[in-house]
A.B. asks: 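Structure below; questions to follow.
Letters go in sequence order (proteins before strands), and every chain restarts at 1. What you see is a predicted model, and the numbers here were worked out from it, not measured in a lab.
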Amino acid sequence: MNSIRTGEWQKLAVSLAELSLDTTLRCGQSFRWKKLNEDEWTCSLRGRVISLKQDPKQDPNHVLYKVTWPSNSPLTKLSSSGKGVKVEDDSTKDDTEALLRHYFNLEPNLTELYERWSMADPNFKKRAPKFTGVRILKQDAWEALVGFICSSNNNIARISQMVNNLCLSYGPLIGHVHDQPFHDFPTPESLAGPEVESQLRKLGFGYRAKYLARTAVIVSKEKPENWLESLSNTEPFDETEWKTLKPGGRPGYRKSHEELLALQGVGPKVADCVCLMGLGWGESVPVDTHVWQIAQRDYKFGKGKHKSLTKATYDAIGNHFRLLWGEEAGWAHSVLFAADLRTFAIRLTEKTEVQEELQIKAESEDGVIVQATTVVKKREAIREETIKEETTDDLNVVFSTTAKRTRRR
DNA sequence: CATTGACCTGAGAAG
DNA sequence: GTTCCCAGGTCAATG
């Protein structure tokens, strides 16, 4: 049955500092990559299945990739109409390397960007070292749109589950890798049918079923052909322009953001996610609960005019970060976002477990505080570990934030 | 404009 | 074993 063609492992020259697969693929940008065989990241991309490996100890300067084509694929090269990307070796008949360079957005020099952000922002400098190699992906805009519509009031694990169900039900099968079926991502047209909403509800999408169904109709039937893609940033990456950026971002970004808001289930945060990770607008800064917490904890938001996360506060936060970090503010933002994820909390605690336990034990002697606050205290301890050099003012912000959380319980 | 409550669901913590 | 809470927000109705 297995007549699919599978290639051998090939090398993609990119260092660990420029791309960390583990961090980039687990930080909630894309919801489809699966970790199989312990260390293989696998996902379908443009009609093929791609597997990736990265071994920091063995070879920190390459990512290994392997392609699995469906059996009926003509494997015609698109390179004749491509834009001058030449592959030197025998893989000229395969555009996968070019696809990977595009998907992982490898042109910007991430090491230089980290240095620049660290120079401009002490807080970034403090938190970034444990989260190097976080890149903003250039995903398919439609996939990003669907994924982030699913993200509202939801968690990454369930979003991944929902997107997976979506592909299984509506995306064409490409083939199996490690006994797992891989389907392409469904097109807007395939989600525009009249039964889609009820089907999606059965698949566990909840109230987002209607958002997706209606958005699919709008994109596939009411908007002109290629409307979504036309919102993409086409300017070449230019690292010298970072200081000339207006606080609100470029006109093209603002227009794209505004147009996306007209869709169902798309508010400012989802629109920014699509702008950043699907349309290539690097200055886009999605402000979610994590970023809002970060803005309060480390950048003095949360009081005065910006006490709550209103639309005005949302814009002010984005403007602040664009001013601070420049044209790729969204890239820097995602580094701090990753550092805030529970998924990666272990990185912040590895050398401090004993201290944490002592601290918790001391707290429990109060008697009244009980277990309900134990988790909070532990998380607080995690935070403190990485910010011990911070000013007292900032530490006070941490404590007050924590206190609020405790009261809510 | 800012505030408020409803909205699906399933994994994990709490009791 | 059950109950409860929460997670990358958005929308619609009110001050």
Side-chain angles (χ1 to χ4, degrees), chain A residues 23-32 134 136-137 139 143-166 197-215 218 257 260-278 284-296 302-318 321 330 333-345 369-379 404-409:
Chain A
T23 317
T24 301
L25 297 182
R26 287 203 300 148
C27 73
Q29 286 194 62
S30 170
F31 304 101
R32 291 201 297 135
V134 180
I136 294 297
L137 303 173
Q139 302 181 68
E143 176 179 345
L145 178 57
V146 170
F148 287 106
I149 284 178
C150 293
S151 74
S152 78
N153 204 17
N154 207 347
N155 59 74
I156 293 180
R158 184 156 81 109
I159 300 165
S160 303
Q161 192 173 291
M162 288 161 60
V163 171
N164 187 53
N165 283 338
L166 188 75
E197 179 179 344
S198 60
Q199 287 298 316
L200 291 181
R201 281 222 171 236
K202 287 176 188 167
L203 289 175
F205 281 72
Y207 62 83
R208 303 163 196 85
K210 180 157 69 176
Y211 295 160
L212 285 183
R214 296 194 55 181
T215 293
I218 294 174
H257 188 269
L260 289 170
L261 287 180
L263 300 172
Q264 284 297 308
V266 180
K269 188 268 177 183
V270 170
D272 270 325
C273 285
V274 177
C275 282
L276 179 62
M277 303 163 203
S284 176
V285 179
V287 180
D288 56 30
T289 54
H290 290 276
V291 178
W292 172 230
Q293 297 291 333
I294 292 169
Q296 293 174 87
K303 37 193 173 186
K305 173 56 192 152
H306 302 303
K307 188 163 187 168
S308 65
L309 186 48
T310 63
K311 177 60 176 153
T313 303
Y314 185 102
D315 292 337
I317 293 174
F321 285 145
H333 132 282
S334 80
V335 175
L336 295 192
F337 174 82
D340 199 64
L341 280 183
R342 293 272 183 146
T343 319
F344 301 120
I369 299 183
V370 292
Q371 299 162 338
T373 57
T374 303
V375 177
V376 178
K377 288 295 177 185
K378 193 168 183 180
R379 188 166 169 77
K404 280 177 195 167
R405 275 189 202 164
T406 309
R407 270 185 238 123
R408 276 193 211 123
R409 295 187 174 240

A.B. asks: Please report the distance separating the P of B/dT3 from the corresponding atom of C/dG8, rounded so that it comes out in whole Å.
C.D. replies: 24 Å

A.B. asks: Within less than 4.0 Å of OP1 or OP2 of B/dA2, is there a side-chain N or O belonging to A/K305?
C.D. replies: yes

A.B. asks: Between the side chains of A/S152 and A/Y207, does any donor sit under 3.5 Å from an acceptor?
C.D. replies: yes

A.B. asks: Considering residues at least two apart in sequence or located in another chain, which fulfil the side chain to side chain contact (heavy atoms under 4.5 Å, CB included) criterion with A/I156?
C.D. replies: A/F31, A/S160, A/L341

A.B. asks: Looking at B/dA11, which nucleotide sits across from it as a Watson-Crick or G-U wobble partner, both distances under 3.5 angstrom, or is there none?
C.D. replies: none

A.B. asks: Taking the six-membered ring for Trp, are the ring centroids of A/F321 and A/H333 within less than 6.0 Å of each other?
C.D. replies: no

A.B. asks: Tell me what A/C27 touches on the nucleic acid: a base, only sugar-phosphate, or nothing, going by heavy atoms under 4.0 Å.
C.D. replies: base

A.B. asks: With respect to the side chain of A/N153, which nucleotide from B/dC8, C/dG8, C/dT10 is positioned closest?
C.D. replies: B/dC8

A.B. asks: To the nearest Å, how far apart are A/D340 CG and C/dA7 C1'?
C.D. replies: 13 Å

A.B. asks: Planes under 30° and centres closer than 5.5 Å, is that true for A/F148 with the base of C/dG8?
C.D. replies: no

A.B. asks: When you measure from the side chain of A/S151 to the backbone of A/F148, do you find a donor-acceptor pair of N or O atoms at a distance under 3.5 Å?
C.D. replies: yes

A.B. asks: For A/N155 and C/dA7, what is the distance between atoms CG and C1' respectively, to the nearest whole Å?
C.D. replies: 5 Å

A.B. asks: Just to be sure I understand the rule, does A/V270 reach a base, reach only the sugar-phosphate, or reach nothing, if contact means heavy atoms closer than 4.0 Å?
C.D. replies: sugar-phosphate

A.B. asks: Measure the distance from CG on A/L261 to C1' on C/dG9 and round it to the nearest whole Å.
C.D. replies: 13 Å

A.B. asks: Taking only side-chain nitrogens and oxygens of A/S308, does any of them come within less than 4.0 Å of OP1 or OP2 of B/dA2?
C.D. replies: no

A.B. asks: Nearest whole Å is fine: how far is C/dC11 C1' from A/Q264 CD?
C.D. replies: 9 Å

A.B. asks: Categorize A/H333 for me: base, sugar-phosphate, or nothing, with a 4.0 angstrom heavy-atom threshold over every strand shown.
C.D. replies: base

A.B. asks: Using a heavy-atom cut-off of 4.0 Å across all strands, would you classify A/V291 as base, sugar-phosphate, or nothing?
C.D. replies: nothing

A.B. asks: Would you please confirm or rule out a distance under 4.0 Å between OP1 or OP2 of C/dA7 and any side-chain N or O of A/S151?
C.D. replies: no

A.B. asks: Would you mind telling me which of B/dA11, C/dG9, B/dA2 lies closest to the side-chain atoms of A/D288?
C.D. replies: C/dG9

A.B. asks: Is the number of heavy atoms from other residues, nucleotides or ligands under 6.0 Å of A/R214 CZ greater than 12?
C.D. replies: no

A.B. asks: Which residue, A/C273 or A/L263, contacts DNA chain C at a nucleotide closer to its 5' end, judged by nearest heavy atom?
C.D. replies: A/C273

A.B. asks: If you go through the side-chain atoms of A/R158, does one of them form a donor-acceptor pair with the base of B/dC8 closer than 3.5 Å?
C.D. replies: yes

A.B. asks: Would you say A/S284's side chain and A/C275's backbone share a donor-acceptor pair under 3.5 angstrom?
C.D. replies: no

A.B. asks: For A/R208 and C/dT10, give me the distance from atom CZ to atom P, rounded to whole Å.
C.D. replies: 11 Å

A.B. asks: From B/dC7, C/dG8, B/dA2, pick the nucleotide closest to the side chain of A/A312?
C.D. replies: B/dA2

A.B. asks: Any donor-acceptor pair, under 3.5 Å, between the side chain of A/Y211 and the base of C/dG9, if you only look at N and O atoms?
C.D. replies: no

A.B. asks: If you measure from the P atom in C/dA7 to the same atom in B/dA14, how many Å do you get, rounded?
C.D. replies: 14 Å

A.B. asks: What is the separation between atom CD1 on A/I159 and atom C1' on C/dC6, rounded to the nearest whole Å?
C.D. replies: 13 Å

A.B. asks: Write down the distance between CE (A/M162) and C1' (B/dC8), rounded to a whole number of angstrom.
C.D. replies: 8 Å

A.B. asks: Please report the distance, rounded to the nearest Å, between NE2 in A/H306 and P in B/dT3.
C.D. replies: 12 Å

